[in-house]
2 protein chains.
Amino acid sequence: MPEAPRGIAIVGQSGGPTAVINESLVGVALETRKYPQIEGCWGARHGVKGIFGEDFADLHAETRSNLLSVAKAPSAALGSARHKPSPDDCKAIFEVFKKRNVRYFFYIGGNDSAETAHIISEVAREQRYDLRVTHVPKTIDNDLVGHDHCPGYGSAARFVAKAMLGDDLDNASLPGVKINVLMGRNAGFLTAASALARQRPGDGPHLIYLPERGFSLAKFAADVKAVYDRLGRCMVAVSEGVHDEDGVLFAEKLIQGDVDSHGNKQLSGTGALGDHLVGEVKKAFGNPKLRARADTYGYLQRSYMGARSLVDAAEARWVGEQAVAQAVLGGENGSMAIVRRPGPAYEVDLKLVPLESVAQKTRRMPDEWINEAGNDVTQGFLDYLLPLVGEGMVAQVGRLNFIPVKS
Amino acid sequence: MPEAPRGIAIVGQSGGPTAVINESLVGVALETRKYPQIEGCWGARHGVKGIFGEDFADLHAETRSNLLSVAKAPSAALGSARHKPSPDDCKAIFEVFKKRNVRYFFYIGGNDSAETAHIISEVAREQRYDLRVTHVPKTIDNDLVGHDHCPGYGSAARFVAKAMLGDDLDNASLPGVKINVLMGRNAGFLTAASALARQRPGDGPHLIYLPERGFSLAKFAADVKAVYDRLGRCMVAVSEGVHDEDGVLFAEKLIQGDVDSHGNKQLSGTGALGDHLVGEVKKAFGNPKLRARADTYGYLQRSYMGARSLVDAAEARWVGEQAVAQAVLGGENGSMAIVRRPGPAYEVDLKLVPLESVAQKTRRMPDEWINEAGNDVTQGFLDYLLPLVGEGMVAQVGRLNFIPVKS
């Protein structure tokens, strides 16, 4: 094992923020203080932009108590970015690293960020510069290959489940068709988490549509009609990333949106998909007066103040700390994955997986977690999910027993 | 004071649910147990529909512990309705009241429900039938005339403020224009509550548009541009009820929606207004690639599990209890209003106000709570609001100090 180089550690945050991404940031900032080899921990503002712009915050100059407070705040405290570094950017980043004697780079983000980390790691290797690059996972989409689950997902799932639970009670009291559009471009994990809102027979969501399955308008409308005929109402959870059998994104046909520099189409921040589906339901019911509504839960899924899963928060801190310990004491580059220990109890370990195995790849919901009709999840998925969303989610909501009056 | 009649009490819930409407229901159900004159407390399912359909739940047969659990659940436990009783409906309701010896009627709802309560109260008076009718206020819109504030508002305001706070941090980390459409058809109280998200200079929302002022697209776009040029980003809170100088609802031009039996246009459950405003901003900036997004907070504002204001919950319970006590011991019909006691500390009393003074009227934001430019609220409003949203809202979110590195 090569000796750990002496130098600066840089940490950055990238991609869509989460409720616990700052836990990982603070994990890195505090852990780097332990090792004499690490001569400073600098936070790059707005991801790699902050590196080639040399816009750094001195994280060792922050007080421990302020960092512990920052850890609890949702959203990326350093600022985030969706900028994909070009080869020129990478060269510029590299010049900065060499000039500043940066030897440790911790990049907190999803699969796009893993790609960026991988590119920078490769440039360093080619230049025979001892740079220790660790990708610190975060994504509400939960779509990183080789990771059992990702920090950020549990809290977003908790928000979705709590939101859906209240929304379903609302729909039960004023019945109709309610369509909720949830985040998840390519993977349905977050949309699937809405199933946790069910506590009793008849509770919604009654239908769940994920990007892992082809989405047919005709099938959708028939499904909604069948539920409505049975229950007098229907709650639907649908992923923003649903697409037709040919893989064409449904939302893409509707939205005049943006494309980021990773080539990702903007799906969030618009209500077009939900509104369109409401129109389709009214048409299929042959009833323009049907009470049908859509909400797009939008950015609240990742940013809402007060739906943190404590399990998720603790794990997010842990991956940040372990990324630093591994970089100094182990020395390999990679992505710090949470993996589950076999057995009935929820126990996890951390494991470094290769950057290239995570970069730009998408882990999707396994087949066995989606029902045959492609409009619901299975108990296996719920068993997987429950430990991640934190305490109190299974507390039963109070309901009247509706005892008839004696006449 | 006439002696209290012996008979049945009926309670119903109407209009859009809130996070604490069941507190009032449970307040009525428990308080009615105290008085020997009240021989039973029946919950009408889905508002007045449950009365003329004789669909009742025996609330005295429910255990106290289950009722206390129901009180904590958002949304209307009895089921709600937006049905406006016709003269024929009122006649049918009346036959049921007489047949069943109903002597107390508690109707939990907003100004539409106060109208219904008023109509039924008038029918009883014409027929010289001793029926004690009390309107128990609930509305997230906070728009009842003669009420300082309404149960349901504080919790919805808390949700909005917490949501906006996280959303603003999100926007600060990935800068752009973010437009959040909030509930409030005719009154801006709920949209205005977003101002509570501001903790430091530069925090959003930077612009707040309320239905109390005419909304001009040109002025809006210029406002957004000015903020964006100054801060590099802009957070907007806009009420779903904004309208042009001639009073024409902005959303009405965009939405092919429903109209309920009170003549209210459907504004919620669609993302059309936000999406339209995003388009206008991009046009005004001359930049179709501008990062501009819209979220419509939608039904979560009234139904989210876990944003209850404890102050709001306690007051909702209290108005339910006091409605019963007043009906038995006082005997006048009316709407049970929360009024504020003068003085620096937050102290409230309950006061019965006439049903006709509340029915179908809308209280709007007073002029002095809106800034001159019509795009923000004043400190006076924030002073009014703060005690209503419950504890912990002023806790500062942790932020980095961004101490520059020594070069």
Side-chain angles (χ1 to χ4, degrees), chain A residues 13 16-17 40 42-43 56-58 61-62 66 69-82 162-163 165-167 169-170 172-174 258 268-272 274-275 278 289 291 293-300 302-307 397-405, chain B residues 13 16-17 40 42-43 56-58 61-62 66 69-82 162-163 165-167 169-170 172-174 258 268-272 274-275 278 289 291 293-300 302-307 397-405:
Chain A
Q13 297 173 303
W42 301 351
F56 299 120
D58 186 345
E62 295 277 347
N66 192 51
S69 169
V70 168
K72 295 198 188 85
S75 186
L78 284 172
S80 189
R82 291 202 176 278
K162 286 168 81 85
L165 179 50
D167 209 4
L169 291 169
D170 195 275
S173 63
L174 279 174
D258 306 350
S268 301
T270 161
D275 289 353
V278 161
K289 293 283 173 205
R291 185 173 186 271
R293 306 281 188 268
D295 273 329
T296 302
Y297 284 0
Y299 289 95
L300 301 186
R302 70 189 197 197
S303 66
Y304 184 73
M305 262 318 273
V397 167
R399 315 209 197 186
L400 294 173
N401 292 304
F402 294 116
I403 302 154
V405 302
Chain B
Q13 296 173 304
W42 300 352
F56 300 121
D58 186 345
E62 295 278 346
N66 193 50
S69 168
V70 168
K72 295 201 188 84
S75 185
L78 283 172
S80 189
R82 292 203 175 274
K162 286 168 82 83
L165 179 50
D167 210 3
L169 292 169
D170 194 276
S173 64
L174 279 174
D258 306 351
S268 302
T270 160
D275 288 352
V278 161
K289 293 284 173 202
R291 186 174 185 270
R293 305 282 188 268
D295 272 329
T296 301
Y297 283 2
Y299 290 96
L300 301 186
R302 69 190 198 198
S303 66
Y304 184 74
M305 262 321 271
V397 166
R399 310 205 201 191
L400 294 175
N401 292 307
F402 294 116
I403 302 156
V405 302

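Reminder, nothing fancy here: chain letters follow the sequence lines and each chain counts from 1.
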task: Kindly write out the residues that satisfy side-chain hydrogen bond (donor to acceptor under 3.5 Å, both in side chains) with B/Ser80, not counting sequence neighbours, or none if the list is empty.
output: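 So B/Ser80 forms no side-chain hydrogen bond (donor to acceptor under 3.5 Å, both in side chains) with any residue.
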With a 4.5 angstrom heavy-atom cut-off, could you sort out which part of [X] is near chain A: side chain, backbone, both or neither?
{"X": "B/Ala76", "value": "both"}
{"X": "B/Asn66", "value": "side chain"}
{"X": "B/Ala77", "value": "both"}

Considering all heavy atoms of both residues, which atom of [X] and which atom of [Y] are nearest to each other, and what is their separation?
{"X": "B/Ala61", "Y": "A/Ile403", "result": "O-CD1, 3.4 Å"}
{"X": "A/Ser69", "Y": "B/Val397", "result": "OG-C, 4.5 Å"}
{"X": "A/Lys162", "Y": "B/Met305", "result": "CE-O, 3.1 Å"}
{"X": "A/Leu300", "Y": "B/Ala163", "result": "CD2-CB, 3.6 Å"}
{"X": "A/Gly398", "Y": "B/Ala73", "result": "O-CB, 3.6 Å"}
{"X": "A/Gly166", "Y": "B/Pro74", "result": "CA-CG, 4.2 Å"}

Enter the distance from [X]:[atom1] to [Y]:[atom2] here, rounded to the nearest 0.5 Å.
{"X": "A/Arg302", "Y": "B/Asp170", "atom1": "CZ", "atom2": "CG", "answer": "4.0 Å"}
{"X": "B/Asp58", "Y": "A/Leu400", "atom1": "CG", "atom2": "CG", "answer": "11.0 Å"}
{"X": "A/Phe402", "Y": "B/Leu78", "atom1": "CZ", "atom2": "CG", "answer": "6.0 Å"}

- prompt: Going by heavy atoms in the side chains, are A/Leu169 and B/Ser303 under 4.5 Å from each other?
  reply: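 A/Leu169 does not reach B/Ser303 side chain to side chain.
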query: Can you tell if the side chain of A/Thr296 reaches within under 4.5 Å of the side chain of B/Thr296, non-hydrogen atoms only?
result: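 Contact flag for A/Thr296/B/Thr296 side chains = no.
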message: For the interface with chain A, which of B/Asp167, B/Val70, B/Val405 has the highest count of heavy-atom pairs at distances below 4.5 Å?
response: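 So the answer, after comparing B/Asp167, B/Val70, B/Val405, is B/Val405.
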query: Looking at B/Gly274, B/Ala57, B/Ser173, B/Ser75, which has the largest count of heavy-atom pairs under 4.5 Å with chain A?
result: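 If we count pairs closer than 4.5 Å to chain A, B/Ser173 comes out on top.
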query: Which residues pass the salt bridge (Lys or Arg N to Asp or Glu O under 4.0 Å) test with A/Asp275, sequence neighbours left out?
result: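 A/Asp275: no salt bridge (Lys or Arg N to Asp or Glu O under 4.0 Å) contacts found.
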